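Working notes for the structure below.
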Amino acid sequence: DIAFSLDVSSNFTDPDEGEIPSYIASGLPEGFVMDSLGVITGTADNSQVGDYEVTVTAMDESIVGDYYTYLTNEEYELSANGDNPYAIDIDLGQEWTIEAEYRMDSNLGGDSNVFFSYGLNSDGILFRTLDNGGSFYLKGKIWGYMDVFGGDDTGGEFLPIKITYSNDGSDGTLSLYQSDQLIVSHIYSGDLEPEERSIRIGSAHHQTNEGLDGAVRNISITTHLSDV
């Protein structure tokens with residue numbers, strides 16, 4: 001076993017002198033953590049030798065928001081028929097970012113491969129992959145087909161997904177990224193206010209028999225972001 005420690009704070013600069021940034025990371029190997037000062041620590045064994053894509057975000061005192069984490073370094077197995085989603089009761093508001101790592105084991109086709117749902121597809125968000133019937137629903141509008149994970153499966157690996165939403169008071173912008181590459185982004189009028197304020201990963205709100213053959217881990221949610 002090899003003990004590891006890396007301070008990444010020197011890679012960031014802040015134009016606001018005197019403010020102390022805090023740091024969060026996604027994509028760390030199992031058993032590794034990063035503290036709020038930007039130091040990554042952990043102990044690796046031989047089975048963990050390899051390359052890892054880790055995303056570090058620095059937030060300074062001028063950013064106000066609520067930060068939540070779920071399934072840190074813990075894999076949650078989802079189900080193909082949607083009967084075992086990972087559910088989070090939360091009102092995301094009008095400014096938020098969600099990050100998670102997904103493993104997809106097979107392409108179910110049809111009306112499945114649901115990896116994210118916030119409210120009903122008629123008043124919220126629904127993301128699927130490889131679904132010709134509609135991979136992306138936003139407030140009832142279908143935006144068409146998407147290949148989010150780059151094929152029928154992820155080859156046993158976990159891939160990072162990031163979803164961001166921002167509303168300027170009149171229009172909202174929703175964007176989806178895989179491994180920091182933009183997959184889709186749309187702007188629409190009005191606020192995002194689904195009647196059911198909750199997230200389901202691996203199941204749809206409107207159709208609970210839709211699922212994802214795979215798993216999820218390392219979920220982080222930042223809400224109500226604003227500058228002060």
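The structure presented is a predicted model; accordingly, all values stated were derived computationally and were not measured.
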Backbone N/O of [Y] and side chain of [X]: donor-acceptor pair under 3.5 Å:
X      : Y      : value
Glu99  : Ile161 : no
Asn46  : Val49  : no
Ser135 : Thr129 : no
Thr223 : Leu92  : no
Asn113 : Leu108 : yes

How long is the straight-line distance from [atom2] of [Y] back to [atom1] of [X], given to the nearest 0.5 Å?
X      : Y      : atom1 : atom2 : result
Ser9   : Leu37  : OG    : CG    : 7.5 Å
Asn121 : Leu126 : CG    : CG    : 6.0 Å
Ile221 : Tyr67  : CD1   : OH    : 10.0 Å
Tyr137 : Ser117 : OH    : OG    : 11.5 Å
Ile90  : Ile98  : CD1   : CD1   : 7.0 Å
Arg128 : Tyr145 : CZ    : OH    : 13.0 Å

All pairs passing ring-ring contact (aromatic ring centres under 6.0 Å, His included) where residues 149-174 contributes a residue, at least two apart: Trp96-Tyr165, Tyr102-Phe149, Phe115-Phe149

What is the minimum heavy-atom distance between [X] and [Y], and which atoms define it?
X      : Y      : result
Leu28  : Asn73  : O-OD1, 3.8 Å
Glu95  : Ser166 : OE1-OG, 2.9 Å
Ala100 : Ile219 : CB-CG1, 3.9 Å
Gly124 : Pro194 : CA-CB, 4.1 Å
Asp105 : Gly214 : OD2-CA, 3.7 Å
Ala204 : Val114 : N-CG1, 3.9 Å

State which residues pass side-chain hydrogen bond (donor to acceptor under 3.5 Å, both in side chains) with [X]; sequence neighbours excluded, sorted by chain then number.
X      : answer
Ser170 : Asp168
Ser185 : Ser175
Thr208 : none

So, using side-chain contact (heavy atoms from CB on, under 4.5 Å) as the criterion, who are the partners of [X] when residues are at least two apart?
X      : value
Ile187 : Asp171, Thr173
Ala44  : Phe32, Gln48
Asn81  : Ser79, Asp83

Sequence neighbours left out, what passes ring-ring contact (aromatic ring centres under 6.0 Å, His included) with [X]? Give chain and number order.
X      : value
Tyr76  : Tyr86
His206 : none
Tyr177 : none

Is the number of heavy atoms from other residues, nucleotides or ligands under 6.0 Å of Ile2 CD1 greater than 12? no

Any chance CD of Gln94 has more than 12 other-residue heavy atoms, nucleotides or ligands included, within less than 6.0 Å? yes

For residues 72-81, which residue pairs pass the salt bridge (charged side-chain N to carboxylate O under 4.0 Å, His left out) check, not counting sequence neighbours? Glu75-Arg103, Glu75-Arg217, Glu77-Arg103

Only pairs at least two apart or in different chains count here, so list each salt bridge (charged side-chain N to carboxylate O under 4.0 Å, His left out) that has a residue in residues 184-201. Asp91-Arg197, Glu196-Arg200

Could you tell me whether His205 and Tyr118 have their ring centroids closer than 6.0 angstrom? no

Determine whether Leu176 and Val148 satisfy the following criterion, side-chain contact (heavy atoms from CB on, under 4.5 Å), listing intermediate values before the conclusion. CA-CA 9 Å; Leu176 170 70; Val148 177; 4.1 Å; yes

Tell me whether [X] shares a hydrophobic cluster with [Y], the cluster being built from Ile, Leu, Val, Met, Phe, Trp, Tyr side chains joined at under 4.5 Å.
X      : Y      : value
Val216 : Tyr68  : yes
Met34  : Tyr52  : yes
Leu174 : Leu120 : no

Can you see whether Glu101 engages Asn218 through a side-chain donor-acceptor pair at a distance of less than 3.5 angstrom? yes

Does one side chain, of Asp213 or Ser106, offer a donor that lies under 3.5 Å from an acceptor on the other? yes

Pair Lys139-Ser122, side-chain contact (heavy atoms from CB on, under 4.5 Å): steps then yes or no: CA-CA 5 Å; Lys139 295 179 68 174; Ser122 59; over 6 Å; no

Are any non-hydrogen side-chain atoms of Ser5 and Ile40 less than 4.5 angstrom apart? no

Hey, are the side chains of Val8 and Leu6 touching, using non-hydrogen atoms and a 4.5 Å cut-off? yes

Show your working on side-chain contact (heavy atoms from CB on, under 4.5 Å) between Thr97 and Lys162 and close with a plain yes or no. CA-CA 7 Å; Thr97 297; Lys162 179 169 69 174; 3.9 Å; yes

Could you walk me through whether Met146 and Val184 pass the side-chain contact (heavy atoms from CB on, under 4.5 Å) test, one step at a time? CA-CA 8 Å; Met146 295 189 303; Val184 67; 3.5 Å; yes

